[in-house]
Visitor: 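Before I ask anything, let me first share the structure, which is written out below as structure tokens.
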Amino acid sequence: MAPDTHSTTLSIDEMATFCKRKGFVYPNSEIYGGMAGFFDYGPLGSEMKNNLKQNWWKVHVTSRDDVVGIDGSIITHPKVWVASGHVGSFADLMLTCTKCKEKIRADTHIEEKLKIAADGMKAPQINGIIKDNKLMCPKCGGAFEEVEDFNLMFTTNVGPKRNDESIAYLRPETAQLMFADFRLVQENARLKLPFGIAQMGRAFRNEISPRAFLFRCREFEQMEIEYFIHPDKVNDCPYVAEWMDYELTVYDASMQREGKEMKKMTVKDALASGTIKTQWHAFWLAHETEWFRSLGANKENFRIRQHVDTEKSHYALDTWDLEYKFPFGWKELQGMANRTDFDLQQHIKHSKADLSLFDEETKQKVIPYVVAEPSQGVDRAFLVFMFDAYEDDKERGNVVLHLHPTLAPIKVAVLPLTNKLNDEAKRIHDSLRKEFSCFFDKSGSIGRRYARMDEVGTPYCITVDFETENDRSVTMRDRDSTKQVRVRLERIQETIWKLLTGRIKFEQAGTPIQKAADN
Ligand code: ATP
């Protein structure tokens, strides 16, 4: 791994402060003291989150022949969650302090204190570790009671009667409706195996200890795909060929068991060595890593990690997480389990519906397998792009947010050099804002205004100056290089479009000019 893969050493708390200061994300209902695990996206954050989601949908749904989307409701028949196993066992182990009654999540406490992986550990092992290592309550130093299960489902009541019969759940993931609606979607969209059903939207988990800003919230968003294949064709992925030379940083179960370092491998080598067992899993892992990279994230900060036996769900044949190197360690960004036909079988059992389908190619009636289910949290992705974009540029004396133009909340800012030029600048701004998210700023020195735009990731600034009237041109400044070019008024819109979509480099945008002092 490269020694320094971040251009910042910003902590997660500092990132939260930055996001609040600049209008990306606020603590929810702060005037009432906030509410742990809930956040509000501000003007810039909501723009950026929309951009992120739109790009995900475009890459994963509208530009693919084999994936369609749905938008299901948040509250759904409670039997869906019984069938999926969530009502029975969607729980984390919780520690309660005998003295102050503080409640914390057991596995993350062990991981933080002992720096060992504890995800998926069972109660007896956790109790043993707590005892052997004399782990105490972080708040008052008291001893812990034995761990207990805490179900993460938020409940509500539907209808006017508040009793056990009216209990329903806020969905803890978007995934299950892809199974519950499987038959209708497959028929309506006339899908043939292999195919995927995608959904994005809110999910709710009553996390015991929400922390690390957007990383672990109680209300968050997910972007998920359930990808269905013929059960006999786990190694028959028509898309994998073009990914064979793609390089992934791999940390498989044996490397973790034997205390070995993670290592870089091509998809081809990972498959040939049996490290990744199926072509489909390899394809989706590479595809998902590339989605982040294509939007400007640093590939060195990503790895794929295989679940060790203790953390694997009972139904999963194999599970890999896409992980990112956060300031607080390598953490899950996306889970990708080979779930076989577990979910469809569960829904068949509980609903008695026929969820099999006839596979034209093999002339067989099959219950499809979900060989990989890319399941991505929107808020964690948002954090990744913020961390990888953030640079405290000492030379400029301000933060520069190197956001990919696709994600940038403001694409272009229009700045009149003096108030006398406001009308001309406003005209330019009004015409550009029909096409791009655009900002007009007339206050402060030009250097200060450039700095403000750097800090919120605006890729291009347009300055209207005294020459504009004579040469019918403006100065365009590039956020990342601070280079400047002169662009004719009638070409601004087309030029910005070409820049934002990567069709031209900044140097090709206009006539280079000697950079005026940024103030
Ligand atoms: P973790 O082990 O971190 O609790 P998980 O394995 O329970 O995560 P999944 O059920 O696989 O997570 O959910 C899929 C994705 O949804 C995660 O990879 C993550 O990006 C996102 N996600 C899950 N829980 C949260 C949360 N509480 N806050 C924000 N995002 C979340």
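Numbering of ligands and ligand atoms starts at 1, following listing order.
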Visitor: Using the six-membered ring wherever Trp is involved, compare the ring planes of Phe228 and Phe195 and label them parallel, tilted or perpendicular (cut-offs 30° and 60°).
Guide: tilted

Visitor: Look at atom NZ of Lys103 and say whether more than 12 heavy atoms of other residues, nucleotides or ligands are closer to it than 6.0 Å.
Guide: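 Yes, because the 6.0 Å sphere around NZ of Lys103 holds more than 12 heavy atoms from other groups.
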
Visitor: Could you note down all residue pairs passing ring pair (Phe, Tyr, Trp, His ring centres under 6.0 Å) where residues 87-134 supplies at least one of them, sequence neighbours left out?
Guide: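 Those involving residues 87-134 are His86-Phe90, His109-Phe144.
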
Visitor: Check Phe302, Phe387, Phe215, Phe292 against Tyr324 for a ring-ring contact (aromatic ring centres under 6.0 Å, His included) and give me the one that passes.
Guide: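 Exactly one pass, corresponding to Phe302.
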
Visitor: Are any of the side-chain nitrogens in Glu14 or Arg21 under 4.0 Å away from the carboxylate oxygens of its partner?
Guide: no

Visitor: Tell me which residues fall inside the under-4.0 Å heavy-atom shell around ligand 1.
Guide: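 Near ligand 1, by chain and number: Arg105, Arg205, Glu207, Leu214, Phe215, Arg216, Cys217, Phe220, Gln222, Glu332, Leu333, Gln334, Gly335, Ser375, Gly377, Arg380.
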
Visitor: How long is the straight-line distance from NZ of Lys260 back to CZ of Arg257, given to the nearest 0.5 Å?
Guide: 10.0 Å

